[in-house]
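Data block below; observations after.
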Amino acid sequence: AQSVAQPEDQVNVAEGNPLTVKCTYSVSGNPYLFWYVQYPNRGLQFLLKYITGDNLVKGSYGFEAEFNKSQTSFHLKKPSALVSDSALYFCAVRGYYRDDKIIFGKGTRLHILP
Amino acid sequence: EAGVAQSPRYKIIEKRQSVAFWCNPISGHATLYWYQQILGQGPKLLIQFQNNGVVDDSQLPKDRFSAERLKGVDSTLKIQPAKLEDSAVYLCASTSPGRGRTNEKLFFGSGTQLSVL
């Protein structure tokens with residue numbers, strides 16, 4: 001069965017510091033991995049995805065994520081956090097097989113301190 | 001490019017009443033999804049349409065929830081009768097995967113926040 005875990009409910013980072021939001025997954029076969037961001041009173045917005053290829057994926061707003069197959073992780077990162085990055089972040093995974101659904105994690109609230 | 005439109009934005013009803021949500025996906029997007037997002041949880045897929053056909057409704061509580069996409073464009077999600085535990089944000093998303101899944105990217109609407117009292 002597919003699953004995705006975001007172990008942290010909230011992450012606090014000072015503005016200008018690097019940030020990491022953690023995500024681990026479990027699927028059959030090769031995974032398709034995604035990060036989405038949700039700002040207050042708005043729908044989820046796509047940030048980036050990993051399908052195949054380079055393990056370091058670059059996305060919107062300066063975010064990147066590193067795929068680690070041995071650790072089954074897909075952590076979201078940014079070298080220098082902005083106050084405007086404060087939002088709710090969701091990791092999502094889809095399995096390789098045709099009938100696999102996109103499964104979302106419970107979300108991590110990122111709070112950037114000015 | 002216009003985004004995914006949803007209405008109403010908010011809805012408050014009493015338990016056992018019925019409610020309907022509407023979604024207009026991005027023009028040309030063949031695949032449409034309805035998700036339920038309960039406070040503190042990630043979105044849970046309720047139903048997936050490909051054009052006007054249902055691809056997956058395995059997590060839709062069919063005794064009270066129904067959805068349709070008659071002309072392969074707009075979609076309506078209905079709850080009848082509503083229960084307290086149905087209080088959530090209902091999100092509509094659409095996508096146009098193209099060839100295979102490599103271009104898959106969901107576009108979400110702002111959602112409908114439902115409160116059942």
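Order of the sequence lines fixes the chain letters, A, B, ..., with proteins taken first and strands second; residue numbering starts at 1 for each chain.
Environment of NZ in B:Lys62: crowded, with over 12 heavy atoms of neighbouring residues, nucleotides or ligands closer than 6.0 Å. Counting non-hydrogen atoms of neighbouring residues, nucleotides and ligands closer than 6.0 angstrom, the NZ atom of A:Lys106 exceeds 12 such neighbours. Remark: B:Leu39 CG is loosely packed, at most 12 non-hydrogen atoms of other residues, nucleotides or ligands lying under 6.0 Å away.
With a threshold of 4.5 angstrom between heavy atoms, B:Leu106 approaches chain A through its backbone and through its side chain. Heavy-atom distances place no part of B:Gln6 under 4.5 Å from chain A, backbone and side chain included. With a 4.5 angstrom heavy-atom cutoff, A:Gln6 does not touch chain B via any of its atoms.
For the pair B:Phe108 and A:Phe46, the minimum side-chain heavy-atom distance is 4.5 Å or more. With contacts defined as side-chain heavy-atom distances shorter than 4.5 Å, the pair B:Tyr35/A:Ile102 qualifies.
Interface remark: of the candidates A:Gly107, A:Cys91, A:Gly43, A:Gly43 forms the most heavy-atom pairs closer than 4.5 Å to chain B.
Cluster membership check: B:Val4 does not share its hydrophobic cluster with B:Trp22, using side-chain heavy-atom separations under 4.5 Å among Ile, Leu, Val, Met, Phe, Trp and Tyr. One hydrophobic cluster, built from ILVMFWY side chains closer than 4.5 Å, holds both A:Val93 and A:Leu47. A:Phe67 and A:Phe63 fall within a single hydrophobic cluster, where Ile, Leu, Val, Met, Phe, Trp and Tyr are joined by side-chain heavy atoms under 4.5 Å apart, directly or via other members. If you chain together hydrophobic residues whose side chains sit under 4.5 Å apart, B:Ile12 and B:Ile79 never meet in one group. At a threshold of 4.5 Å between side-chain heavy atoms, the hydrophobic network of Ile, Leu, Val, Met, Phe, Trp and Tyr places A:Tyr32 and A:Val4 in two separate groups.
When every heavy atom of B:Gln37 is checked against every heavy atom of A:Phe90, the shortest pair comes out as NE2-CZ, 3.1 Å.
Listed by sequence position, B:Gly42, B:Pro43, B:Leu45 are the residues of residues 42-49 of chain B in contact with chain A, using a 4.5 angstrom heavy-atom cutoff.
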